[in-house]
2 protein chains.
Amino acid sequence: MVSTARTRVTLKDIAAHAGVSRSTVSLVMQESELVAGATRKRVQEAAVALGYVYNRGAATLRSSRTATVGVVVHDIANPFFGALMAGIDETLQAADYIPFLASSGDSLDRQARFLARMREHRVDALLLCPAEETPASSIEAIADWGMPCIEVMRHVGQSPLGDYVGADLRAGVINAVRHLVTQGHRRITLLAGIADHSADRERLAGYRHAMHEAGLDELASVDRGPLTRCAGRERALALLRGDTAPTALICHNDLVALGALLALSHLGLHAGRDCAVIGVDDIEEAALAEPALSSIATHPRAIGRNAAELAIQRIAHPEGERQRIVLEAPLVIRASSRISSAVTQEST
Amino acid sequence: MVSTARTRVTLKDIAAHAGVSRSTVSLVMQESELVAGATRKRVQEAAVALGYVYNRGAATLRSSRTATVGVVVHDIANPFFGALMAGIDETLQAADYIPFLASSGDSLDRQARFLARMREHRVDALLLCPAEETPASSIEAIADWGMPCIEVMRHVGQSPLGDYVGADLRAGVINAVRHLVTQGHRRITLLAGIADHSADRERLAGYRHAMHEAGLDELASVDRGPLTRCAGRERALALLRGDTAPTALICHNDLVALGALLALSHLGLHAGRDCAVIGVDDIEEAALAEPALSSIATHPRAIGRNAAELAIQRIAHPEGERQRIVLEAPLVIRASSRISSAVTQEST
DNA sequence: CGACACTTTTGGATCGATCCAAAAACGGGG
DNA sequence: CCCCGTTTTTGGATCGATCCAAAAGTGTCG
């Protein structure tokens, strides 16, 4: 309708229209308490009347706050990260921040390029699921740039350097092993990933701890391989056909576990009765699989929310004490790990 | 290591260090051809030596290009949009653009707020899967702002107003019906969504067209309801228990179709033999379901790539002719829609 | 050697907000 | 009516790049 490419409306125009100075208008835009009520109202009306659009770029130049946050995940196509991102987005929107998103594909190079861009764009904070093999020096570098960084789900080094939000996978796996042991299982195999990152180490630590606790050290066995659904199927097939076939599988994530379920039904075995299967993440699909899949629930959405909240807090208090938020990862027991799979009730 | 909060390095510092003017340094940063090779090299070295970080905000203020793009989807937790986003991200990264992301949750209000933010941030273009009931005026308003906007997957109004990238769902559904008809099916029900948006209308149009073509107008039946996996199960159960139970179901998306498969196995029926099921999207899970699910493949990643490419092109040529890219949505036939489900081969 | 075309470089103005120190307006008491 | 402490408002400087028209440098040729 309008679309006459007239020159853009600026604070100066509003000032003229409302009969005040640029500075006053600026204060109104910043919702400052300094401005008298009547003046504020007049300015706001002028802004609406002229169709003013706040120019965040110009504001940033002077004030160096951008109201943006950078988010890096490995693979946004993975439903887990989709849910994580949903939690982040939800929380940021409520606080009027906007996320930049990039998928690193676990490539250090792509991650580095994106981080450089984020620096140029001067994001107020960074939410980072570090790519595999990210060196600690990268995280330190980000801190040196003066950019708050929250590590999410994974952290580099043995323990997080700065702020961290993740799930208690160690405890989750311990619970899983205990649950299996009370069901009489002894040959319990962990289907892990290939890469060596913190989230992987935590699972392993929980597994070793619980197997030791149950006096099953000698029977502990860790299978390493890729983490897709197909790979899960193949890996499970190979294990189950071996001469010392396990009676229970704890899988790195639900995709692998769902693959394992396929392997079992392919072999004519009944998950839960013939071989127990437990996954990690408790994605939506888990509850609806046949049989329903037991899983260690990592609640990605909640993790996302917490991470975003922590970021907002860190922006406000850059020097505040570093936080390490570890959310519980409860075991959700379903038919795939119960000998008597009569009723499919879920535990909380 | 460094972290002494010394004043930031600017073009002026580089200019002094390299013995040239600010303007020359600026030209080098813009990779302009005007600068002599030797000078360029000297400037670049000075930039590295001083640890310069390009300030995109300052550049934007003057040049009004931000190297950012806004992306709105309904629900980033939905794997379909995860894959779409992956394609977008991939293409944008290659062209050195960075995406802002927001999930509208199909809420007009949240969508509007995000669009306002995008305007303040002066994104170079917008990729928009419009929320349900988005009025055409919103799209026109965006155009009036001088912001290129690509509608993705859905479009408002009867036909897209401007640039559009989507899948040919109409043809996909027509193929699905034809395939079912040649298998002898006559009672073919379409499980649609509740909302009335373009992607829904296209499916319906294809369905009606193909049913008419097969002389099955009277048997055409459309079931409307929610689009989750659980809802799919319930809806399929209700239909199959009815007195005129369909022998084939075409589902709005794969989640609904997978729910329908659950319903069949719950009733002791065999998908493919007793009742055919076809989904839409061909998500990863479809091929691995039991039995494998036939699906109309919408290739979200490819759509994302195309949309991002079109956005980049539109930024370069704002007044170029509007494009309507409709990608083929081929029917992938698997066991769930074959009477003789002996071999599970896939068609292309 | 000077005119001319072409390549490189340059300084000043500019984009549109925020910051800050100081000025103006206000209000109540003496 | 003036003084003084508060509350509001203000102008100029500033953030760090780009744009532009003009100046400086280079090379060629008659």
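Reminder, nothing fancy here: chain letters follow the sequence lines and each chain counts from 1.
Across the protein-nucleic acid pair, Leu61(B) atom CG and dT14(C) atom P stand 14 Å apart, rounded to whole Å. Remark: C1' of dA17(C) and CD of Glu120(B) are 13 Å apart, rounded to the nearest angstrom. One interatomic measurement links the two molecules: CZ of Arg122(A) to C1' of dG16(D), which rounds to 9 Å at whole-angstrom precision. In this structure, Arg62(B) places its CZ atom 8 Å from C1' of dA13(C), rounding to the nearest Å. In this entry the distance linking CG of Leu27(A) with C1' of dT7(D) reads 13 Å, nearest Å. Between the CD1 atom of Ile14(A) and the C1' atom of dA17(C) there is a distance of 11 Å, rounded to whole Å. Counting to the nearest Å, the P atom of dG16(D) and the CZ atom of Arg65(B) are 22 Å from each other. In this structure, Met29(B) atom CE and dA17(D) atom P are separated by 8 Å, rounded to whole Å.
Ranking dA17(C), dT14(C), dC19(C) by closeness to the Asn55(A) side chain, first place goes to dA17(C). Out of dG16(C), dT9(C), dT14(C), the shortest distance to the side chain of Leu34(B) is found at dT9(C).
By the 30° and 60° cut-offs, the orientation of the rings of Phe100(B) relative to His121(B) is tilted. Between Phe81(A) and His74(A), the angle of the ring planes goes over 60°, which puts this pair in the perpendicular group of the 30/60° scheme.
Place Arg42(B) and Tyr52(A) on DNA chain C by their nearest nucleotides, and Arg42(B) ends up nearer the 5' end.
Remark: Gln30(B) is in phosphate contact with dC19(D), judged by side-chain N or O atoms under 4.0 Å from OP1 or OP2. Between Ser23(B) and dT10(C) there is no side-chain polar atom (N or O) within less than 4.0 angstrom of OP1 or OP2. Remark: Arg22(B) is not in phosphate contact with dG11(C), judged by side-chain N or O atoms under 4.0 Å from OP1 or OP2.
Thr24(A) comes within 4.0 angstrom of a nucleotide base, judged by non-hydrogen atoms across all strands. If you check every strand for non-hydrogen atoms under 4.0 Å, Thr10(B) touches sugar and phosphate atoms only. Within 4.0 Å of Thr39(A), counting heavy atoms only, lie sugar-phosphate atoms of the nucleic acid but no base atom.
The side-chain contact (heavy atoms from CB on, under 4.5 Å) search around Thr10(A) returns Lys12(A), Asp13(A), not counting sequence neighbours.
The backbone N or O of Ser103(A) sits less than 3.5 Å from a side-chain atom of Arg110(A), completing a donor-acceptor pair. Looking only at distances, a side-chain donor or acceptor of Asn306(A) sits under 3.5 Å from a matching main-chain atom of Ala302(A).
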